[in-house]
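Just follow the structure's listing: the first ligand is 1, and inside any ligand the first atom is 1. Note that the coordinates shown come from a computational prediction; the quantities given were computed from them, not determined experimentally.
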Amino acid sequence: MIRTRFAPSPTGWLHIGSVRTALFSWLYAKNHGGEFLIRIDDTDTSRSTQEYTESIISALENLGLSSDKNIIYQSKRFEIYIDKIEELLNNNFAYYDEIEITEKTKGTDLNIQYDNRLNKPNHVIRFKNQKNKKIIVNDKIHGDINFDPKTFHDVVILRSNGIPTYNLTSVVDDIEFQISHIIRGDDHLSNTAVQINLFNALNPKIPEFAHLPMIHGKDGKRLSKRHGAVDIKYFLDEGYLSEAIINYLARTGWSHGDKEIFSMNELVKLFSLNKVTKSAAIFDYDKLNWLNQYYIKNNSIENIRKMIMPYLKDANITVKDEKYLEKILELGIEREFSLKKIAESLSYYFDENLSYDLELIKKFNTEKMINILDKSIAKFEKTDFSKKENLSNILKYISKELNLKFSEVGPVLRLALTGRLKSPSIDDLSFTLGSNKTLDRLNNFKTLILKLN
Ligand code: GLU
């Protein structure tokens, strides 16, 4: 049975690169009809928080990357780790080492954080790394990797504060939960040799490894806050659809010909580690935005209406009429790439009193504006708003009768109706707003202009 795991440390929000690791792990398992587990590496009790743990689990669930078994919490397994360290001590694979207080380590907190029978004041326990054979890992992405024994260190497996370290806990858990494939970032390569020796010492079958190349920003440096948002929380809060995030991350360092759009089912069918690139992948925000817009546009308006509600609420927009919202969405969703941005861009449809940018108004000729507004009000008052083509026709007459180009009339009406210079076409806009709102806004805008002069 193929079984993979994703093992985040809840000491921060989940990085988008880690989500890709989780996704590749999940896909590999599912492609082989296997299982995917989530393990929370929360042994560092001083830095791990409940908030981060919950946010990581909920983000993974939102993305459809749930654990097939109960989630494993390392913080609940300390006794098991202590048993295993004792076993290593008894079999002469580990030893106590007195800690030297040097300039560098003098600030270390030596207080006991996990009281256990192996603790000895001012001592750590180290794993006795075998130093005579080189280790060759047949990595499923990088091929054979040779580790030179000269570089093997006797790593600490129990800290002086009583907390077992990652290399030990990870190997103990990978054995106990029968992980067949360890898929993780290649920043862990340096731990792999130590872990293989630990696996050998604890005498199990060694899993297969696949180390994923890192994700870089466009400047070739490791993707970090300097490049933009990197936490999955941001992308979910911003209204990126899970399909878009999954599709984007799947294509970050993996490909299937030129195919760009993949459903989750297609990914499960097509994913293979053979097609993962050996070099770092580049994170392209524009591409992600494009994909998100694609998934929003190709969704049903009804779904988008449901999904956008929390974002509208955050933008202080109260929706009383769902049909009105759907009409607005039909016009508006093409313009922005995230649900949050769409929600914010729609506020003018709902505002009772639009606020206008006075500096913007100053750029227009007052007399011309008043003429346009008077003519439009007179025409719109006599128009039947139930058909959009009536409105399109009226707009033509307004320009014609005023002897103005539509490029002169349009911006004034757009500003009056939305408070902005960018919006859907005026006939679409007034059709959606309806006669009352359209006329109110034109009249209010006219009153404001008269007041300003
Ligand atoms: N908790 C480790 C990390 O977040 C897990 C690494 C691994 O997958 O072994 O980097």
Quick one: do Asp284 and Tyr248 satisfy side chain to side chain donor-acceptor pair (under 3.5 Å)? Show the steps, please.
CA-CA 9 Å; Asp284 182 345; Tyr248 179 71; 5.5 Å; no

Just say parallel, tilted or perpendicular for the rings of Phe271 and Phe24, cut-offs at 30° and 60°.
tilted

Note the single closest protein heavy atom to atom 9 (O) of ligand 1, along with its residue, its atom name and the distance in Å.
Tyr166 OH, 2.6 Å

Which ligand 1 atoms does [X] reach within 4.0 Å, using its non-hydrogen atoms?
| X | answer |
| --- | --- |
| His188 | 3 (C), 6 (C), 10 (O) |
| Asp41 | 1 (N), 2 (C), 5 (C) |
| Ala7 | 1 (N), 2 (C), 3 (C), 4 (O), 5 (C) |

By salt bridge (charged side-chain N to carboxylate O under 4.0 Å, His left out), Glu260 pairs with (sequence neighbours left out) Arg251, Lys287

Listed partners of Lys422 passing salt bridge (charged side-chain N to carboxylate O under 4.0 Å, His left out), at least two apart:
none

Proximity of Phe147 and Phe152 rings by center, below 6.0 Å:
no

Please determine whether any non-hydrogen atom of Arg5 lies less than 4.0 Å from an atom of ligand 1.
yes

